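Worth saying up front: this structure is predicted, and the values here are computed from it rather than measured. In what follows, every chain begins at residue 1, and chains take the letters A, B, ... in the order their sequences are listed.
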Amino acid sequence: MSTPTTEYTTSELMAATASGLLEDGRVIFAGVGMPLVASAAAKRSHAPNLTVVLEGGIIGPEIAPGRLPISTNDVRASRGAAMLTTITDIFLYAQRGYFDYGFLGAAQIDRYGNINTSVIGDRAKPTVRLPGTGGANDIASLCNEVLVVTQHEPRRFVEKVDFVTSPGHLTGDGSRQRAGLISRGPTRVVTDLALLDFDDSGHMRLRALQPGVTVADVAARTGFELPVHPEVYELPPPGEEILLALRELDPDGETLGE
Amino acid sequence: MPETVREARRLREERVTPETSKIMSAAEAMALVRDGDHVALGGTCFSRTPMALVFELIRQRRTGLTVSRPLASQECELLMVAGAADRVITSWLAIGLRWGLSRVLREYVEGGHIEYEELSHLSLGMRYKAGAMGVPYLPTYTMLGSDLPAGTAAREAECPFTGDTLLLLPAINPDVALIHAHSVDRYGNARIDGSTHMDVDMARAASTVIVSAERIAEPEEIVAGAASTALPHFVVDAVVEAPYGSYPHDCHDRYEADYDHFTSYVDAIKAGGTAAVRDYLDRHVHSQRDFAGFLGLVGAERLAEREASARELSTR
């Protein structure tokens, strides 16, 4: 009945790769959806001492299998937490430098890792009004480094975002620091095709390929010219331990079904 | 809203909030809200929303309100479509991740029917906090370099001590804050279990504070758990008893949100657009005498089931 661990969905692949980036003993500020599932799974496998922090003022929740939070502040999200503080306070911990990773999804991301979750089209008269920043801007502005997980589609990976909701490396070449931002910004982007990093100028770069994917496949699904790291390599398929942890948390495939 | 934090302070100085019973009905409490007021809503997204008070505000057909909230959800959709709110200040608006983009937000913003100010979560928090502290603004490093500040009241400035670029967030001193607590005594000493979200700052910043609660507690009970008191009585102007007062949203440790209720609400909007929201308001708000009438429609069984669901999640 259960799916063998040699088979996995696209979302499971992304979540497994992303969770593999999380080092044990760190503090991670995760958004709901894939970032939270990947973090909770890492905690159940290779990073038991990872501390998850959620926007609702929640520090160290224990996510119940099959009861994934829908919002960063709901009854499910605060289960088993060591501390419940205010929303503002959580972001002030981030500003103080306590959070090693911020972990975000992206509706639209550009070559400098800037993310748009606000509007498609003009701000004053948008074609599509998206839900907005929530805490994503603050996570991108204040966490020590930022990880992004998103599907690799040309409409998502654009030359320039319509609107910078969450700042990446802005226009590259130190512009992030010049704008006054005090943290590193995005360091890695995980997709169903690849692991991307950023070169010294802050431009996104192909670092590694998901199993069976070619450099040309990635180029074809990226809306801008993507430099390739001189030592690009192939990522291993998701291990059994992390897949089982992901499936235990999300048995109905609510987040990882496709 | 008071123009400056000093004006907000003057309003507070003038007011005497004695330690007397402030218990009143939701209808009496919402009569304290005037058309055009800035109303800050406690809780966030679908958590601890002061829904009983919001329903009453809509029932009384207030108009021209500015509504602010950390993450906005169904309550803001209802306030927009009811014609109560014509300006919204928030960091995010949708029902919840599972229900996709807000069709109401799309229609109202894309069609230019509402003034909408998007701030980052912390930026809004700093605005309430400045208001609560009685200072004109607070500095942060957030939102710098992004496109968000341009459409807002935030201003960049150079730090006089370090030369750093800072973003200054001006105080919000709402005319009214609506807060839903777990318990409150008759004087207004309010207890909130779980995260207090931005409730304490928005209440302390506001000129008038209305607290609804799951139940009215005896003052001795509040004293016994004094470290969990979120608001002292002198901040609070009105106390309203409202069991299940956040439903269909959640209340930490008491009941989970009613996700099926959201799904039927969103499905109706998908099928019938914002007319479905008007229909929802007619059935759940305008044809009911009070919030208890709405809860009667929902039924005791459903409420008990949501309570059981919250208990299952408890690790205590």
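Considering only heavy atoms from C-beta on, S146(B) stays 4.5 Å or farther from T165(A) through its side chain. Taking 4.5 Å as the limit, every side-chain heavy atom of E110(B) sits out of range of all side-chain heavy atoms of T127(A). A heavy-atom distance below 4.5 Å is found between the side chains of I70(A) and W99(B). A 4.5 Å side-chain heavy-atom check between L148(B) and S118(A) finds at least one atom pair inside the cut-off.
Applying the 6.0 Å contact sphere to CG of D122(A) captures more than 12 heavy atoms from other residues, nucleotides or ligands. Within 6.0 Å of atom OH in Y137(B), 12 or fewer heavy atoms from other residues, nucleotides or ligands are found, so the atom counts as exposed in its surroundings. R44(A) CZ: more than 12 foreign heavy atoms inside a 6.0 Å radius.
Residue L122(B) is tested with N137(A), T133(A), T88(A) for a side chain to side chain contact (heavy atoms under 4.5 Å, CB included); the sole match is T88(A).
Proximity to chain A (any heavy atom under 4.5 Å) is shown, for Y108(B), by neither the backbone nor the side chain. Within the 4.5 angstrom heavy-atom criterion, atoms from both the backbone and the side chain of S309(B) approach chain A. Only the side chain of L71(B) has a heavy atom closer than 4.5 Å to any heavy atom of chain A. At a 4.5 Å heavy-atom cutoff, L167(B) makes no contact with chain A through either its backbone or its side chain. The part of Y255(B) that comes within reach of chain A is its backbone (N, CA, C, O), which places non-hydrogen atoms under 4.5 angstrom from that chain. Contacts of T140(B) with chain A are made by both backbone and side-chain atoms, with heavy-atom separations under 4.5 Å. Both the backbone and the side chain of T196(B) come within less than 4.5 Å of a heavy atom in chain A. If you measure heavy-atom distances from I182(A) to chain B, the contacts under 4.5 Å come from the side chain alone. Contact annotation for L181(A): both backbone and side-chain heavy atoms come within less than 4.5 Å of a heavy atom of chain B.
Look at R98(B) and E254(A) and you find a salt bridge, because one of the NZ, NE, NH1 or NH2 atoms lies within 4.0 Å of a carboxylate O, short of that distance.
Among G57(A), G135(A), G134(A), A140(A), the residue with the largest count of heavy-atom pairs under 4.5 Å with chain B is G134(A). No other option in A257(B), G125(B), G96(B) has as many heavy-atom pairs under 4.5 Å with chain A as G125(B). Most heavy-atom pairs under 4.5 Å with chain A, from the set G112(B), S73(B), S120(B), S47(B): that is S120(B). Taking chain A as the reference chain and counting heavy-atom pairs below 4.5 Å, the highest number among Y259(B), W92(B), F46(B) is found for W92(B).
Separation of atoms OG1 (T165(B)) and CZ (R178(A)) is listed at 11.5 Å; rounding is to 0.5 Å. The line from CG of N73(A) to NE2 of H252(B) is 12.0 Å long, rounded to the nearest 0.5 Å. Going from atom CG of L313(B) over to atom CD of E62(A) covers 13.0 Å, rounded to the nearest 0.5 Å. Taking CD from E312(B) and CZ from R76(A), the interatomic distance works out to 9.5 Å, rounded to the nearest 0.5 Å. With rounding to the nearest 0.5 Å, the separation of CE in M126(B) from CD in Q95(A) is 6.0 Å.
In this structure, the side chain of R123(A) engages the main chain of D147(B) through a donor-acceptor pair within 3.5 Å. Side chain of S71(A) to backbone of C45(B): no donor-acceptor contact under 3.5 angstrom is found. Counting only distance, with no hydrogens or angles, the side chain of D250(B) and the backbone of D74(A) share no donor-acceptor pair below 3.5 Å. Checked by atom type and distance alone, the side chain of S195(B) pairs as donor or acceptor with a backbone atom of T85(A) at under 3.5 Å.
Annotation for S123(B) and D138(A): closest pair N-OD1, 4.3 Å, computed over non-hydrogen atoms.
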